[in-house]
Amino acid sequence: MLDKIEIVKPEEIEARSMEIITKELNGRTWPEPEFSIVKRCIHTSADFDYGDNLCFSQGAAALGVKALKDGVSIVTDTRMAASGINKKRLGEYGGEVHCFMDAPDVAEEAKKRGCTRAAVCMERAAALHENLIIAVGNAPTALIRLYELIQAGEIRAVLIIGAPVGFVNVVEAKELIMTAGVPYIVPRGRKGGSNIAATICNALLYQK
């Protein structure tokens, strides 16, 4: 079996992985930066379904690249997504990553109101009163509350990365946010996750 293992230097593994992904896509391509996002999502998950389920509103990816280079910050719904984003690169552009999930007052307010912490986190994002990229990788309730805040004109979301994963209200929340009138990148269906949300952010950050 050892004779079948390909010897690849550590610094070459990602590039080799991208070569394999590109080959297995069998000639399918997207314009950049969409193609880089698709490949990185497949690389993160080893799931080629992202070649079919990733949806981009018109110009959303290019807008996201520009927004990040202009210093726009990112709000996530989980610490996992926040930890996966390249904060050094983001900081070089002047942006920050915000995640309010662990704030004690968020938990207290969610319990008092009978809603999820993720929904309250979107309200905390709105209270920043600045342009934001919202990256949701876990909670459909975050997308639902975000939709309400957008309709009320209470949040300045310039791009929504809507990638919650699961079975309850996930598909519906994604379809809802795609009607909000804000640029979006969304993997339709049940798939997604905090790692995918972070991957999409990084794919945008790594664009030249």
Side-chain angles (χ1 to χ4, degrees), residues 41 44 57 60 63-64 67-68 71-87 89-91 93-188 190-205:
C41 285
T44 292
S57 64
L63 186 152
L68 290 169
V72 169
S73 291
I74 301 170
V75 173
T76 72
D77 67 326
T78 66
R79 282 291 170 195
M80 181 179 174
S83 66
I85 294 170
N86 188 327
K87 287 172 278 297
R89 178 67 65 90
L90 181 61
Y93 294 134
E96 299 178 77
V97 177
H98 301 284
C99 181
F100 305 101
M101 207 64 174
D102 295 338
D105 61 328
V106 167
E108 291 169 9
E109 183 171 346
K111 184 176 181 180
K112 181 179 179 180
R113 290 166 50 187
C115 64
T116 67
R117 286 185 295 161
V120 178
C121 285
M122 294 300 101
E123 296 169 6
R124 294 290 191 274
L128 293 173
H129 300 295
E130 62 182 82
N131 291 341
L132 298 166
I133 290 175
I134 310 293
V136 175
N138 182 66
T141 53
L143 289 186
I144 295 166
R145 185 65 183 121
L146 179 57
Y147 175 86
E148 294 171 341
L149 291 166
I150 291 168
Q151 298 310 300
E154 295 177 4
I155 191 167
R156 291 160 57 181
V158 299
L159 173 67
I160 298 167
I161 297 168
V165 60
F167 301 94
V168 179
N169 291 327
V170 167
V171 173
E172 294 81 0
K174 289 178 179 179
E175 296 298 321
L176 179 67
I177 208 65
M178 291 169 69
T179 69
V182 172
Y184 61 80
I185 301 173
V186 171
R188 277 181 134 152
R190 294 172 169 175
K191 294 184 178 182
S194 295
N195 58 338
I196 293 297
T199 292
I200 294 172
C201 291
N202 287 335
L204 297 172
L205 281 167

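Here the structure is a predicted model, which means the values were calculated and not measured. The first residue of the sequence shown is numbered 1, and numbering continues consecutively from there.
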Quick one: do Met101 and Thr76 satisfy side chain to side chain contact (heavy atoms under 4.5 Å, CB included)? Show the steps, please.
-> CA-CA 9 Å; Met101 207 64 174; Thr76 72; over 6 Å; no
Taking it one step at a time, do Asp105 and Lys112 satisfy salt bridge (charged side-chain N to carboxylate O under 4.0 Å, His left out)?
-> CA-CA 10 Å; Asp105 61 328; Lys112 181 179 179 180; over 6 Å; no
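Taking 4.0 Å as the cut-off between side-chain N and carboxylate O, Glu109 and Arg124 count as a salt-bridged pair.
Here the closest heavy-atom approach between residue Val165 and residue Gly192 is recorded as CB-C, 3.7 Å. Considering all non-hydrogen atoms of both residues, Val106 and Cys121 come closest at CG1-SG, 4.1 Å. Nearest heavy-atom pair across Ala125 and Ile155 is CB-CD1, 4.1 Å.
A donor-acceptor pair is defined here as one N or O able to donate and one able to accept, closer than 3.5 Å; such a pair exists between the side chain of Lys87 and the backbone of Ala82. Arg156 places a side-chain N or O within 3.5 Å of a backbone atom of His129 that can act as its donor or acceptor partner. No side-chain donor-acceptor contact under 3.5 Å links Arg117 to the backbone of Ala110. When atom types are taken as modelled, the side chain of Asn202 and the backbone of Gly84 share a donor-acceptor pair closer than 3.5 angstrom. With hydrogens and angles disregarded, a donor-acceptor distance shorter than 3.5 Å links the side chain of Lys174 to the backbone of Pro187. Here the side chain of Arg190 pairs no donor or acceptor atom with the backbone of Phe167 at under 3.5 angstrom. At distances below 3.5 Å, not a single donor-acceptor pair connects side-chain atoms of Asn169 with backbone N or O atoms of Glu172.
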All N/O donor-acceptor pairs, side-chain side in residues 135-146, below 3.5 Å, sequence neighbours left out:
unit_1: Thr141; atom_1: OG1; unit_2: Thr116; atom_2: OG1; d: 2.7
unit_1: Arg145; atom_1: NE; unit_2: Glu123; atom_2: OE2; d: 2.8
unit_1: Arg145; atom_1: NH1; unit_2: Glu148; atom_2: OE1; d: 3.0
unit_1: Arg145; atom_1: NH2; unit_2: Glu123; atom_2: OE2; d: 3.3

Per-pair distances, 0.1 Å, donor-acceptor, side chain in residues 175-184, under 3.5 Å, sequence neighbours excluded:
unit_1: Glu175; atom_1: OE1; unit_2: Arg188; atom_2: NH2; d: 2.8
unit_1: Glu175; atom_1: OE2; unit_2: Arg188; atom_2: NE; d: 2.8
unit_1: Thr179; atom_1: OG1; unit_2: Leu176; atom_2: O; d: 2.6

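Looking only at side-chain heavy atoms (C-beta outward), Ser73 and Ile133 stay at 4.5 Å or farther from each other. A heavy-atom distance below 4.5 Å is not found between the side chains of Ile185 and Ile160. Between Asn195 and Met80, some side-chain heavy-atom pair lies under the 4.5 Å cut-off. With contacts defined as side-chain heavy-atom distances shorter than 4.5 Å, the pair Ile134/Met122 qualifies. Side-chain contact check for Asp77 versus Phe100: every heavy-atom pair is 4.5 Å or farther apart.
Going from atom CG of Leu205 over to atom CD1 of Ile85 covers 7.5 Å, rounded to the nearest 0.5 Å. From Asn86, atom CG reaches atom SG of Cys201 across 11.0 Å, with rounding to the nearest 0.5 Å. Distance check: Leu159 CG to Ile74 CD1 gives 9.0 Å after rounding to the nearest 0.5 Å.
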